[in-house]
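Down below is the structure, laid out as structure tokens.
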Amino acid sequence: MDSMEYRPLRADEINRALFRDFERRQEVVQCWRREGDRWVIREDPFIDQWDEKDYAFLVQCLQNTIRTGGLVLGAFAGGRLKGFASVEAAPLGSRGQYLDLTSLHVSADMRRMGMGKVLFRQAAKWAADQGAEKLYISSHSAAETQAFYRALGCVDALEPDPVHVSREPFDCQLEYELSNL
């Protein structure tokens, strides 16, 4: 594999062209669903793929994250963006104990190679350096996505954020204790 570089991005370098070698495609078969007071896995096959409107919105969101004091990390293989993570600067939770990991995505051609784990740990370290106690993650419910987060030590969020829950009712609301770093 080409050399890997992980680095914070600047707002002025985030544009549609940055994502030309990034493949969002995720074929989902099984998802976690909340039924009563427990989680179960259900068949819910679909393909998650971004279109041009999604990329335009993503560019706006990531630029805003940086402009408001948050972090956007890029992972580059051979100079091409193949993964990214973002953490918002504004605290969440009853005590402001959370910082929000708003994105963590790895290109389809680079998954299961450790890139997501590196992005997660660097994002978590940044959040800890900002004084947060925990990362908050409103995560895709796909079984493989949940396996990734659970393997890193994420657990169900003690304080599910109502904005996230209403925006993405099928997402799994997770947290990560930053003292685990």
Side-chain angles (χ1 to χ4, degrees), residues 1-10 13-32 39 41 43-52 54-55 57-59 61-63 65-66 70-88 99-129 132 134-157 168 170-181:
M1 176 171 39
D2 292 326
S3 64
M4 293 298 305
E5 177 190 11
Y6 296 87
R7 65 175 175 81
L9 299 178
R10 299 180 321 272
E13 66 186 318
I14 299 174
N15 55 47
R16 177 61 179 100
L18 180 67
F19 297 93
R20 74 177 156 271
D21 296 310
F22 185 87
E23 179 61 41
R24 168 61 184 108
R25 184 181 177 87
Q26 182 176 0
E27 294 181 32
V28 177
V29 176
Q30 295 183 319
C31 292
W32 285 96
W39 287 100
I41 292 183
E43 297 280 321
D44 187 11
F46 65 96
I47 294 175
D48 206 344
Q49 176 73 302
W50 291 337
D51 61 20
E52 287 306 313
D54 295 323
Y55 277 106
F57 183 67
L58 174 68
V59 166
C61 289
L62 295 177
Q63 288 173 341
T65 297
I66 294 169
L71 172 73
V72 178
L73 285 170
F76 295 85
R80 298 181 318 253
L81 183 76
K82 291 295 183 173
F84 62 96
S86 60
V87 183
E88 303 306 314
L99 283 186
D100 195 358
L101 180 74
T102 44
S103 59
L104 194 161
H105 296 283
V106 173
S107 186
D109 58 326
M110 298 294 288
R111 292 186 191 134
R112 294 173 185 76
M113 297 181 186
M115 182 182 292
K117 191 180 295 185
V118 172
L119 285 167
F120 181 86
R121 295 217 188 285
Q122 288 188 12
K125 181 179 181 334
W126 183 86
D129 290 347
K134 302 175 180 188
L135 266 184
Y136 187 93
I137 307 114
S138 182
S139 169
H140 199 294
S141 62
E144 58 272 15
T145 302
Q146 289 305 300
F148 167 79
Y149 282 117
R150 299 291 176 163
L152 290 169
C154 297
V155 298
D156 289 345
E168 293 290 345
F170 290 117
D171 273 9
C172 297
Q173 306 303 312
L174 305 174
E175 67 179 46
Y176 177 78
E177 183 75 46
L178 294 171
S179 63
N180 291 336
L181 285 173

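The residues of the chain are indexed from 1 along the displayed sequence.
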For residues [X] and [Y], report the shortest heavy-atom separation together with the two atoms involved.
{"X": "Leu99", "Y": "Ala132", "value": "CG-CB, 3.7 Å"}
{"X": "Leu71", "Y": "Ala123", "value": "CD2-CA, 4.4 Å"}
{"X": "Val87", "Y": "Ala127", "value": "CG1-CB, 4.5 Å"}
{"X": "Phe76", "Y": "Arg7", "value": "CZ-NH2, 3.7 Å"}

Minimum side-chain heavy-atom gap [X]-[Y] below 4.5 Å:
{"X": "Leu9", "Y": "Leu18", "result": "yes"}
{"X": "Leu73", "Y": "Trp126", "result": "no"}
{"X": "Glu52", "Y": "Arg16", "result": "yes"}
{"X": "Phe22", "Y": "Arg80", "result": "no"}
{"X": "Lys134", "Y": "Tyr176", "result": "no"}
{"X": "Glu88", "Y": "Thr65", "result": "yes"}
{"X": "Phe120", "Y": "Leu135", "result": "yes"}
{"X": "Asp48", "Y": "Phe46", "result": "yes"}

N/O donor-acceptor pairs under 3.5 Å from side chains in residues 147-157, not counting sequence neighbours:
residue: Arg150; atom: NH2; partner: Asp156; partner atom: OD1; Å: 2.6
residue: Asp156; atom: OD2; partner: Trp39; partner atom: NE1; Å: 3.2

* **Arg25 with Glu23: basic N within carboxylate O range, under 4.0 Å** =>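 The answer is no: the pair does not qualify as a salt bridge.
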* State plainly whether the residues Asp21 and Lys82 are in salt-bridge range, i.e. N to O under 4.0 Å. =>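 Result for this pair is no, no salt bridge flagged.
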Hey, what do you get for [atom1] ([X]) to [atom2] ([Y]), rounding to the nearest 0.5 Å?
{"X": "Ser103", "Y": "Ile137", "atom1": "OG", "atom2": "CD1", "value": "12.0 Å"}
{"X": "Leu101", "Y": "Glu175", "atom1": "CG", "atom2": "CD", "value": "13.0 Å"}
{"X": "Arg24", "Y": "Leu58", "atom1": "CZ", "atom2": "CG", "value": "10.5 Å"}
{"X": "Glu43", "Y": "Cys31", "atom1": "CD", "atom2": "SG", "value": "9.0 Å"}
{"X": "Trp32", "Y": "Asp44", "atom1": "CH2", "atom2": "CG", "value": "14.5 Å"}
{"X": "Arg10", "Y": "Glu13", "atom1": "CZ", "atom2": "CD", "value": "4.0 Å"}

* Set of residues satisfying ring-ring contact (aromatic ring centres under 6.0 Å, His included) with respect to His105, sequence neighbours excluded ->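 Testing His105 for ring-ring contact (aromatic ring centres under 6.0 Å, His included), a comparison that skips the adjacent residues, returns Trp50, Phe84.
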* Asked: Does Gly83 offer a backbone N or O that forms a donor-acceptor pair with the side chain of Ser107 under 3.5 Å?
  ->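 Checked: no pair found.
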* Asked: Within the side chain of Arg121, is there an N or O that forms a donor-acceptor pair under 3.5 Å with the backbone of Val118?
  ->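 No, Arg121 side chain to Val118 backbone: no donor-acceptor pair under 3.5 Å.
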Hey, are [Y] and [X] close enough side-chain-wise for a donor-acceptor pair under 3.5 Å?
{"X": "Glu144", "Y": "Gln30", "answer": "no"}
{"X": "Ser139", "Y": "Gln173", "answer": "no"}
{"X": "Asp100", "Y": "Thr102", "answer": "no"}
{"X": "Ser138", "Y": "Asp171", "answer": "yes"}
{"X": "Ser141", "Y": "Gln146", "answer": "no"}

* Mind running side chain to side chain contact (heavy atoms under 4.5 Å, CB included) on Gln49 and Asp54 for me, showing each step along the way? => CA-CA 9 Å; Gln49 176 73 302; Asp54 295 323; over 6 Å; no
* Show the numbers, then the answer: is there a side chain to side chain contact (heavy atoms under 4.5 Å, CB included) between Phe57 and Leu62? => CA-CA 9 Å; Phe57 183 67; Leu62 295 177; over 6 Å; no
* So Phe170 and His140, side chain to side chain contact (heavy atoms under 4.5 Å, CB included) or not? Walk me through it. -> CA-CA 8 Å; Phe170 290 117; His140 199 294; over 6 Å; no
* Determine, stepwise, if the pair Tyr136 / Leu174 fulfils side chain to side chain contact (heavy atoms under 4.5 Å, CB included). => CA-CA 6 Å; Tyr136 187 93; Leu174 305 174; over 6 Å; no
